[in-house]
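The first residue in the sequence is number 1, and the count goes up from there. What you see is a predicted model; the values in this text were computed from it and never measured.
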Amino acid sequence: MTIHHRSSTGRSLARRLRPLGVLTTTAAVATLLAACGGSSKATTSASGPDPNATITVGSLNEPTTLDIVKGGNTGHAQVLLRNVVEGLTVLTDDGKVEPLLAKSWDVSQDGTGYTFHLQSGVTFSDGTPLKASDVVAALKREISDESTSARKKNLSIMKTIEAPDDSTVKVTLSTPSQSFLFYLTSVGAAVEKPNAGGSGTTVVGTGPYTLTSWKQGDSITLTRNDKYWGTKAKNKQVVYRFFKDATAENNALLAGQLDLVTQVTSPDALTQFENRSDFSIVEGTSTTKELFNFNDAVAPFNNPDVRHAIRQATDRKALLKAVWANRGRILGSMVPPTDPWYEDLTSIDDHNVASAKQLLAKAGHPNGLSFTVDYVPSDEINIIAQGLKSQLAQAGITITLNPVDDATWTDKVYKNHNFQATIMNHVNQRDLVWYGDPTFYWQYDNPQVQQWVKDSETAPTPDQQTALLKKVARQISEDAASDWLFLDPAIKVASTSVSGYQKNLTTDSFYVAPITKR
């Protein structure tokens, strides 16, 4: 398991976990008490799109490398995945796994053998035909010693990878895995042409674009691949411009230097774009979950009544209103609505201060309790932390906010589990399964949940996997394993001259081929 921290200016996905922190200000408390909602406009349909248009995209996450198995930050997958390089499968914007370079596949009766049938007529952007041996090389590199890919551990269940002919790839797994096709959607499992140049600065793939330039510290330019085997890109060129802070990015959008931004990081930025006919504000869903986590193995959090009391003392709706002006949605467990096993569990431990006090008394804390919350400072969590402190005080719970830096958090909380509670964030897709690992930093230990998680991975069918993980989601909520707060919205601001961009933020890729401009 790897971890990743997000700065207050951007959203990072390259590693699998990102804690958040607090900036304590009086304004944060005021925001909590008097936050107001906002409105969004629908994406404007472009009439008469220009097939030779250049789309300029603002992003706060420049890649650190173009080597697809060496990890990187959000921009690594955001720019390359599905645009320049493609995998056997793809995770769509609505969270579904679909075929891409593999037009179909067969699965053996015991669930360990996968035979992938490749699309016909696929070439790399330089015109070289794609062969099954290229896919084999890519998958072997993903699990090789040189790989630091986030999905390397998951995909290491590939025991043998073979190409019986140029259009067929056979993979044998060491154990059945219902998540295998999902793991293949990651950027590290994508296919690039072997030995095509410096892998850290160039990449040759089979996607709808070629990467034509990378001006480090400034921009990356993608140009339409006219040899593309599938549906051609609807624009000729896409330029990703990278910014150090959201203010500079927003100013560039206002000045007409950008067509859209990949993600708005604060609702405060929206006021300058609202009620303007030249901009659209579009809200989708994300996989970014804001959590208030306990160390379930230590007192007082080893008592479920205490955990339930904290959840019931938390007003999630008020926190969401304060942080995102009512955008996003509250959560009842560790599952966003785009995961197949989502179920609305928000009624479990709904806000009830009187009940919270009763539970504390039952747990032996009639006069309340106090504990420390470790966190890494971040603008967004300013409101969350101050809000939690105020809300929990109403139930007699006193929290001490203890800001730490990234390295301290990683060492103290994540590695050594030397903490009581923490405010943090998970950006990953399908990460409910971490509650099946009692050694994970929150140390939730329920043998039944662990068995369900294990059985879900080896389940004979996707429906059986979904049924088991629904049980997991409900059980961890009924156990109050954590205090799940809300799901961040995915908000984009764009010029009304462009349309066709993805609405949600549920995949690591920012797919740009369907975008049109008039």
Side-chain angles (χ1 to χ4, degrees), residues 1-6 10-20 59-61 73-78 81-82 89-98 150-151 154 179 181-188 262-265 282-293 316 320 323-324 327-346 378 380-381 384 423-435 440 453 456 465-466 469-470 472-473 476-477 482-492 501-511:
M1 195 72 63
T2 51
I3 63 175
H4 193 76
H5 309 301
R6 182 184 77 179
R11 178 179 184 266
S12 283
L13 294 171
R15 299 190 185 178
R16 301 292 89 190
L17 175 69
R18 183 206 68 190
L20 291 175
S59 174
L60 297 170
N61 298 287
N73 63 1
T74 306
H76 177 249
Q78 189 179 80
L81 185 57
R82 200 177 181 187
T89 58
V90 62
L91 186 67
T92 65
D93 196 36
D94 57 3
K96 296 179 180 178
V97 176
E98 295 184 354
R151 289 296 179 193
N154 300 122
S179 300
L181 296 173
F182 165 71
Y183 296 147
L184 288 176
T185 67
S186 65
V187 66
T262 58
Q263 167 73 341
V264 174
T265 59
V282 177
E283 178 186 343
T285 191
S286 76
T287 59
T288 308
K289 300 163 285 289
E290 306 292 346
L291 274 66
F292 185 31
N293 272 331
R316 291 168 287 173
L320 180 62
V323 176
W324 280 108
R327 294 177 171 87
R329 62 194 301 161
I330 61 171
L331 286 175
S333 189
M334 189 66 170
V335 188
T338 48
D339 282 356
W341 31 88
Y342 173 76
E343 183 181 1
D344 186 353
L345 300 174
T346 53
S378 163
E380 183 177 10
I381 295 305
I384 293 177
I423 303 169
M424 52 79 67
N425 163 289
H426 282 271
V427 303
N428 305 73
Q429 308 98 346
R430 306 190 180 189
D431 51 5
L432 170 67
V433 295
W434 289 351
Y435 284 89
F440 199 58
V453 168
S456 73
Q465 177 193 38
T466 295
L469 290 180
K470 279 188 174 181
V472 171
I476 65 173
S477 188
S482 299
D483 191 359
W484 303 275
L485 303 177
F486 56 82
L487 190 71
D488 283 0
I491 301 177
K492 294 175 181 64
Y501 45 88
Q502 64 188 47
K503 179 181 179 182
N504 297 328
L505 201 61
T506 57
T507 169
D508 295 350
S509 166
F510 190 73
Y511 185 44

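A side-chain donor-acceptor contact under 3.5 Å links Asp93 to the backbone of Lys503. Not a single donor-acceptor pair under 3.5 Å links the side chain of Glu290 to the backbone N or O of Asp488. Under the 3.5 Å distance criterion, the side-chain polar atoms of Ser509 are matched with a main-chain donor or acceptor of Leu81. Proximity of a side-chain donor or acceptor of Thr466 to a complementary backbone N or O of Pro340 within less than 3.5 Å is not detected. At least one donor-acceptor pair under 3.5 Å links the side chain of Glu283 to the backbone N or O of Gly328. Without hydrogens or angle criteria, Arg316 side chain to Leu331 main chain gives a donor-acceptor distance under 3.5 Å. Listed for the Ser477 side chain is no donor-acceptor partner under 3.5 Å among the backbone atoms of Ser333. With hydrogens and angles disregarded, no donor-acceptor distance shorter than 3.5 Å links the side chain of Thr262 to the backbone of Ser59.
Side chains of Asn425 and Glu380 form no contact here, defined as non-hydrogen atoms less than 4.5 Å apart. For the pair Leu60/Thr265, a side-chain contact is recorded, criterion being any heavy-atom separation below 4.5 Å from C-beta on. Ser286 places none of its side-chain heavy atoms less than 4.5 Å from the side chain of Gln263.
Once rounded to the nearest 0.5 Å, the distance linking CE of Met424 with CG of Leu485 reads 11.0 Å. Taking CG of Asn293 as the reference point, atom NE2 of His426 lies at 6.0 Å (rounded to 0.5 Å). Taking OH of Tyr435 as the reference point, atom CE of Met334 lies at 5.0 Å (rounded to 0.5 Å).
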Run the side-chain contact (heavy atoms from CB on, under 4.5 Å) check on Thr507 and Arg82 step by step: do they pass? CA-CA 10 Å; Thr507 169; Arg82 200 177 181 187; over 6 Å; no

Determine, stepwise, if the pair Asn428 / Thr287 fulfils side-chain contact (heavy atoms from CB on, under 4.5 Å). CA-CA 6 Å; Asn428 305 73; Thr287 59; over 6 Å; no

Begin from the C-alpha positions of Gln429 and Asp508 and carry the test side-chain contact (heavy atoms from CB on, under 4.5 Å) through to its verdict. CA-CA 9 Å; Gln429 308 98 346; Asp508 295 350; 3.2 Å; yes

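Applying the ring pair (Phe, Tyr, Trp, His ring centres under 6.0 Å) test to Tyr183 and every residue at least two apart in sequence or in another chain returns nothing. Under the rule for a side chain to side chain contact (heavy atoms under 4.5 Å, CB included), the partners of Val97 that lie at least two apart in sequence or sit in another chain are Thr89, Leu91, Leu181, Phe182, Thr185, Arg430.
When Val282, Leu505, Val264 are each tested for a side chain to side chain contact (heavy atoms under 4.5 Å, CB included) with Ile491, only one passes: Val264.
No hydrogens or angles considered: nothing links the side chains of Trp341 and Gln465 as a donor-acceptor pair under 3.5 Å.
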